[in-house]
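To start, the structure under review is shown below, and the notes come after it.
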There are 4 protein chains.
Amino acid sequence: MSYNLLKGKRGIIFGALDENSIAWKTAERVHEEGGSFVLTNAPIAMRMGQINELAKKTGSQIIPADATSEEDLALLVEKATEILGGKLDFVLHSIGMSVNVRKGRPYTDEKYDFTVKGWDVSALSFHKVMQALYKAGAMNEWGSIVALTYMAAQRTFPDYNDMADNKAYLESVARSFGYFFGKEKNVRVNTISQSPTPTTAGQGVKGFDGFINYAEKMSPLGNATAQDCAGYTITLFSDLTKKVTMQNLFHDGGFSNTGVSQEVIEYFNK
Amino acid sequence: MSYNLLKGKRGIIFGALDENSIAWKTAERVHEEGGSFVLTNAPIAMRMGQINELAKKTGSQIIPADATSEEDLALLVEKATEILGGKLDFVLHSIGMSVNVRKGRPYTDEKYDFTVKGWDVSALSFHKVMQALYKAGAMNEWGSIVALTYMAAQRTFPDYNDMADNKAYLESVARSFGYFFGKEKNVRVNTISQSPTPTTAGQGVKGFDGFINYAEKMSPLGNATAQDCAGYTITLFSDLTKKVTMQNLFHDGGFSNTGVSQEVIEYFNK
Amino acid sequence: MSYNLLKGKRGIIFGALDENSIAWKTAERVHEEGGSFVLTNAPIAMRMGQINELAKKTGSQIIPADATSEEDLALLVEKATEILGGKLDFVLHSIGMSVNVRKGRPYTDEKYDFTVKGWDVSALSFHKVMQALYKAGAMNEWGSIVALTYMAAQRTFPDYNDMADNKAYLESVARSFGYFFGKEKNVRVNTISQSPTPTTAGQGVKGFDGFINYAEKMSPLGNATAQDCAGYTITLFSDLTKKVTMQNLFHDGGFSNTGVSQEVIEYFNK
Amino acid sequence: MSYNLLKGKRGIIFGALDENSIAWKTAERVHEEGGSFVLTNAPIAMRMGQINELAKKTGSQIIPADATSEEDLALLVEKATEILGGKLDFVLHSIGMSVNVRKGRPYTDEKYDFTVKGWDVSALSFHKVMQALYKAGAMNEWGSIVALTYMAAQRTFPDYNDMADNKAYLESVARSFGYFFGKEKNVRVNTISQSPTPTTAGQGVKGFDGFINYAEKMSPLGNATAQDCAGYTITLFSDLTKKVTMQNLFHDGGFSNTGVSQEVIEYFNK
């Protein structure tokens, strides 16, 4: 089902790795809604993905860029506006990675080189992306910037490790930059706090299956899928949400405001 | 601009008083998007409004109902599904009134008969509406229920008086009923926390002009208008937000997450 | 262990039912810390309790009062200041009851007479208490008013029923009245959001044992007990927290900011 | 006034720069309450301060340590337990600095080397401190760790710049580490979100005078002072708050939950 919600709109989508990615589903959905975009990912991440297939399917070009590099980002923004033929209306930031998690370091035994790297990739990169867009004057008025996040920024999920702190930083960047982008350019910035999602990245987290099972039982509407998230993101890119900014929006079937569900409490009644 | 976002969807819209009302703008917008609905308001409120004009314009019928009366609501739900030819997909609750405010009673000198009345009309009515819908089995799966609220539920705005407490109750009802409506019927329930809006009702609040001026200066994107709110509500009624539930969603140009703006702080620099 | 934290301070304690009550433990603790107070409870609730024993032990007088009655409250405030020999420094509101819960009405089938009664007793009573104190000018500067609440005000716990909405209203009243009491009288008003506690009242809630077991496993420090709560309340009555106001303070061993614990997730890993 | 609240307790206090520092006032207050401690600060910061005077007054020793250095922290923890004669009961982290702010770089033109440095000093240092304590097994059961933060972590204050993002990270670290420290060691971790305070550090922020004036007018009880904060911190170090953990506690005279005050709105009524 398409509504032409993004007809004529241009953007950049970060982080489409493979067909399980939220960014991948969003790219497909944006295309259906009439938007055009450039796909980007870190050179190293792209070797692992099937991003060419997505580019073909959506008539998009791919511009590799390391989201921690100011130079790469400046070039990306310049090329994207050139390719798309004008300033941008939407940007999706869907980037996250913890070296501590990958290397199996517990939260109470972080290796700080790993911590710095994960923070740079997962959190500071969002500031870098926006600063590149801001300095280049690359966003159209009433454009929309969205980053994906997770509720660990508010409450502790032990296996989520230092990604919790990275997401807290990311959400703060959305507010802080959203203030200036709003005031000076009428651009909105928000984060979507998504249900745990079985993406290729998500599945790497220890105990992920148990957790997704728990979240499903806790959420009155069940977990939101990557496809659901793509739909929600579309509304935030559309002209219907022009005055929503600096918000962290839970997209999680009600998990965030459920203290406990009947199904979960039954495990503890015996 | 129409996207056919609500094609074939049916609903009830409470609270369209006159063309300044958010509910009025929403009704117009729903109509543009292909939705059909019944308009309702308290018999006493309707005499003051121009609701017939809106009904004509949108091809809707009007069913007067006192939202504090279980009988009226049961009848409304029954008639609405009959008139619209099926179960409902969306409901807007836009009802609020404080007798203490109207009679000029300060928050520290409430008359409790007034308090009870205002709470019943502004807050408990939302429970009554949902209970009527729930008992009648009148909502379609993945239907969407929205109530309008204000940030006074989180932070004190002295002139907002007991409406703050009513809105806190209303938002809690959204979460509580949203849990059961989600779990058992796959229906979502949310509140939109809207910028101060110069509706006929809003303008009655003491010091409203100063306040709206302040909010405009505090909000990076400026205050959200009634028309903006109608657009946002459309997204929550659409199929693109199926997994958003039990949320209070700020629609306020960024006011809620702005500690202070540069424009406001200048008043205090001298 | 006593610190003389409340030496010379006077107050009123609502809601001591029996030795399991948080108010009972608080009364004992206040007495140890050198504070003097009047005990009060609804005439009907007092017949069930052993409040005389507590009065004797703490050298206190008992003044029965229905906390929904303006007359009773006015009289209580007058007598309390008379008995204690001066204005008040602290007040504890520990009152809550849902008729819907007692009568086994589910949240989706509330009887609204019950709802109104429960709201009046559990939520509006806090406003009534403060309005009585305010009008009588009965609080000393830098006095402290505390009400007990529960996290169901923020997130849904299905068996908590309409008490969730009552607690949301109560917490809003704390903020709203806290604003005026702060601005005009330098009095602070806060709520403590306490772990589920096996009081005589709490134990009446359906599925309470399973829930308290779940909460224990979710809280990194375990559930806070009634005795713990008494200690925390003492700090809020003391001169060490003079600038804390309009806050809802979680006292729950970390439950509120734990997304899931390792112990809980293990149930879902199989 | 002293209550002997911390009799026999041992700790470390970071960040006492001069007599305007919150850490300085807290050290004095802890001493009055019977606690003993080691003072520490960055070697470079200590040259600017009068910390020797404080050490003398409170009978404390000074151990210089760079809070971004794992080696320095390990040594500090070792020496502190040695000097104090046992494990620790309390730790205060009062450290923050933004190079971007110092060098006058606006938020939309961050120099990322500065950003990394400020984040390391202001935010990651809190993790490093706790990891050093955790690994050394240096905290007693029911010990208490407190860090100072600011509400910019939740809402944007434009001049606060990247310190907002640092404080968001710091508060997340409190929750994340609080989970593990609670679960495994029964140690609590909290942050105090303090009113803007005219410390030597705070006064360096652009527009600070206007802002503190604004905050004073917005807060029903007025801004909390450094002295007030010392008192509040004492309660969190005491045995009366054993079950409070993973919380961010606003200590601000009500600012955080005031939407607008009558005094502020008057500026906008004209």
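The structure presented is a predicted model; accordingly, all values stated were derived computationally and were not measured. In what follows, chains carry the letters A, B, and so on, assigned in the order in which the sequence lines appear, proteins first and then strands, with residues in each chain numbered from 1.
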After noting the C-alpha distance and the side-chain angles of D/Asp209 and B/Phe268, does the key distance pass the side-chain contact (heavy atoms from CB on, under 4.5 Å) rule?
CA-CA 8 Å; D/Asp209 287 347; B/Phe268 301 88; over 6 Å; no
Would you say the rings of D/Tyr267 and B/Tyr214 are close, in the sense that their centroids are separated by under 6.0 Å?
no
Look up atom CE in B/Met218 and atom CZ in D/Arg155, then write down how far apart they are to the nearest 0.5 Å.
8.5 Å
How long is the straight-line distance from CD1 of D/Ile265 back to CZ of B/Phe208, given to the nearest 0.5 Å?
10.5 Å
If you measure from CG on D/Asn257 to OG1 on B/Thr156, what distance do you get to the nearest 0.5 Å?
7.0 Å
Portion of B/Gln154 that has a non-hydrogen atom of chain D nearer than 4.5 angstrom
backbone
If you look at every heavy atom in D/Pro158 and B/Val260, which pair is closest and at what distance?
CD-O, 2.9 Å
